[in-house]
Protein chains: 2
Amino acid sequence: MMNTKSDRHRAIRQIIAAGQIFNQNELKETLESQGFATTQATLSRDLMALKVIKVPHAEKGYIYTLSENYQSTAPQVEGSSPLQTCRSIAFSGNLAVFKCLPSFAPSVALVLDAVGMPEIIGTIAGDDTILIILKEGLSHERFRTALVDRFPELRDRI
Amino acid sequence: MMNTKSDRHRAIRQIIAAGQIFNQNELKETLESQGFATTQATLSRDLMALKVIKVPHAEKGYIYTLSENYQSTAPQVEGSSPLQTCRSIAFSGNLAVFKCLPSFAPSVALVLDAVGMPEIIGTIAGDDTILIILKEGLSHERFRTALVDRFPELRDRI
DNA sequence: TCATAAAACGTATAATTATACTTAAAAAAC
DNA sequence: GTTTTTTAAGTATAATTATACGTTTTATGA
């Protein structure tokens with residue numbers, strides 16, 4: 001068998017990368033001109049498997065793109081927690097000041113941002129200190145509790 | 001007059017950012033629960049205008065995402081103003097927290113400082129977050145209006 | 001003001017994409 | 001080698017999204 005699924009996938013990637021495909025029928029016709037006979041349903045599955053996405057296009061509405069040409073900016077949280085570098089917390093009004101080991105503040109702040117705690121409006125990290133802007137009306141004790149709930153490794157640290 | 005379309009766009013951005021919208025009817029219902037009455041056709045237009053995209057999702061096939069959460073790795077000429085990297089604003093007391101794309105906070109803060117808004121006492125920039133200390137007694141809504149007046153590209157974003 | 005142009009948007013429907021169901025082929029297990 | 005399981009893929013159709021068209025609203029200009 002000449003035209004296997006993976007051959008077709010490779011061809012699809014090339015065609016999409018060339019950047020002129022606006023719908024699955026166009027892709028189907030282009031594939032046929034290269035000797036791949038297939039159907040729209042199969043292409044729908046192929047595009048899903050290849051994680052091809054449609055992005056807005058000035059003239060034609062949307063255009064297909066390899067999602068690798070796009071890179072998620074959302075941080076990933078895994079492995080051992082940078083939260084373990086935290087040393088103390090202090091409060092002033094609706095601000096919390098979080099102390100970490102030197103150089104760890106940015107990565108701790110990234111984790112805090114990533115989990116999206118509703119109690120936190122935003123964070124700003126220096127080298128070993130993070131400024132946390134709290135939601136209005138939130139008590140210091142409630143925030144401390146919420147933090148420990150979310151990050152048990154902070155118990156006895158803050 | 002309340003700018004309905006602009007309000008709706010801002011609401012859509014928030015809802016999509018929360019990350020649980022899989023099709024336009026779900027978005028329609030969520031908007032309705034927030035008091036926005038609209039139709040699927042209008043949402044289709046809105047999503048195009050806001051450059052919202054659908055990306056593959058493990059369980060449900062595809063999910064809507066703000067395209068800013070994806071960053072093209074290809075060199076591209078975007079708009080000139082760093083303000084266009086801004087994604088949201090939130091308030092707590094006399095502080096405003098401004099979220100930008102990663103790494104853009106310093107340049108956005110520079111612009112804010114450069115224009116010398118009398119409403120702003122000072123700014124502190126991290127990587128993707130700016131802390132803005134507001135003049136005492138300034139309401140959140142007045143500041144939001146002042147910002148959009150000064151930077152029209154922020155409309156529908158904050 | 002009034003007239004006119006432009007923008008917003010709903011309805012109905014077209015266009016596009018996803019999927020339930022089925023069949024066939026390939027792989028794995030026996 | 002036969003049976004069972006898994007994978008691939010076509011057909012038909014469901015689900016979803018985009019848009020032509022008409023109407024209303026809002027902005028613009030005289």
Side-chain angles (χ1 to χ4, degrees), chain A residues 1-13 15-16 18-67 70, chain B residues 1-13 15-16 19-67 69-70 145 148-149 152-153 155-157:
Chain A
M1 171 66 94
M2 199 64 172
N3 294 336
T4 66
K5 182 176 168 184
S6 71
D7 287 339
R8 191 182 61 239
H9 278 192
R10 197 172 323 131
I12 289 172
R13 293 176 52 81
I15 292 167
I16 299 287
Q20 294 298 338
I21 300 297
F22 297 93
N23 61 52
Q24 296 177 8
N25 269 337
E26 281 185 24
L27 178 57
K28 178 170 183 283
E29 283 163 19
T30 304
L31 280 169
E32 277 164 0
S33 77
Q34 297 185 12
F36 293 92
T38 186
T39 63
Q40 176 267 323
T42 294
L43 294 183
S44 174
R45 297 177 184 118
D46 286 348
L47 294 177
M48 168 96 80
L50 294 171
K51 294 201 190 309
V52 169
I53 61 181
K54 271 184 126 165
V55 302
H57 181 268
E59 290 132 34
K60 312 247 301 188
Y62 287 86
I63 187 171
Y64 280 112
T65 306
L66 298 181
S67 63
Y70 273 56
Chain B
M1 179 209 88
M2 184 93 332
N3 193 339
T4 306
K5 183 178 171 186
S6 180
D7 290 340
R8 191 182 63 239
H9 279 191
R10 196 184 314 146
I12 289 172
R13 293 175 52 83
I15 293 167
I16 299 287
Q20 292 297 116
I21 300 296
F22 298 92
N23 60 52
Q24 295 176 8
N25 269 337
E26 281 185 24
L27 178 57
K28 178 170 182 285
E29 283 162 20
T30 304
L31 280 169
E32 275 164 3
S33 77
Q34 297 186 10
F36 293 92
T38 187
T39 62
Q40 176 268 322
T42 293
L43 294 183
S44 174
R45 296 176 185 121
D46 286 348
L47 294 177
M48 168 95 82
L50 294 171
K51 296 200 188 309
V52 169
I53 61 180
K54 270 186 128 164
V55 303
H57 180 267
E59 291 133 34
K60 313 249 299 190
Y62 286 87
I63 187 171
Y64 278 112
T65 307
L66 298 181
S67 62
N69 286 346
Y70 273 57
T145 303
V148 174
D149 281 353
E153 62 267 39
R155 185 177 306 281
D156 297 337
R157 302 178 83 81

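To find a chain, count down the sequence lines: A is the first, B the second, and so on, and within it residues start at 1.
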Query raised in the report: Going through the checks in order, is the side chain to side chain contact (heavy atoms under 4.5 Å, CB included) test met by A:Leu31 and A:Ile12?
Result: CA-CA 8 Å; A:Leu31 280 169; A:Ile12 289 172; 3.9 Å; yes
Report task. Kindly indicate whether the side chain of A:Leu27, heavy atoms from C-beta on, has any atom under 4.5 Å from the side chain of A:Leu47. Result -> yes
Query raised in the report: Can you name the closest pair of heavy atoms from B:Ile21 and B:Ile63 and give their distance?
Result: O-CG1, 3.3 Å
Query raised in the report: Do B:Tyr64 and B:Glu26 get their side chains close enough for a donor-acceptor pair, meaning under 3.5 Å?
Result: no
Query raised in the report: Of the non-hydrogen atoms in B:Ala11 and B:Gln34, which two are nearest, and what is the gap between them?
Result: CB-OE1, 4.0 Å
**Report entry** A:Leu31 CG - D:dG10 P separation (whole Å)
**Finding:** 12 Å
Query - side-chain N/O A:Ser44 vs C:dA18 OP1/OP2, d < 4.0 Å - result: yes
Query - Angle between terminal axes - the helix from C:dT1-D:dA30 to C:dC30-D:dG1, 5 pairs each end, rounded to 10° - result: 40°
Query - Distance-minimising heavy-atom pair for B:Ala49 and B:His9 - result: CB-CE1, 4.2 Å
Query - Rounded distance in Å - CG (A:Leu47) to P (C:dA18) - result: 7 Å
Query raised in the report: If the sugar-phosphate is the primed atoms plus P, OP1 and OP2 and the base is the rest, what is the B/S/- string for nucleotides 5-16 of chain C, using protein heavy atoms under 4.0 Å?
Result: ---SBBB----S
Requested in this report: Provide, to the nearest angstrom, the distance between the CD1 atom belonging to B:Ile53 and the C1' atom belonging to D:dA18.
Outcome: 18 Å
Query raised in the report: To the nearest angstrom, how far is A:Phe36 atom CZ from D:dG10 atom C1'?
Result: 18 Å
Query raised in the report: Who are the ring-ring contact (aromatic ring centres under 6.0 Å, His included) partners of B:Tyr62, not counting sequence neighbours?
Result: none
Query - Separation of D:dA9 P from A:Leu43 CG (nearest whole Å) - result: 10 Å
Query - Validation row: B:Thr42, B:Arg8 side chains within 4.5 angstrom (heavy atoms) - result: yes
Report task. Grab the CD1-C1' distance between A:Ile12 and C:dT17 for me, whole Å please. Result -> 14 Å
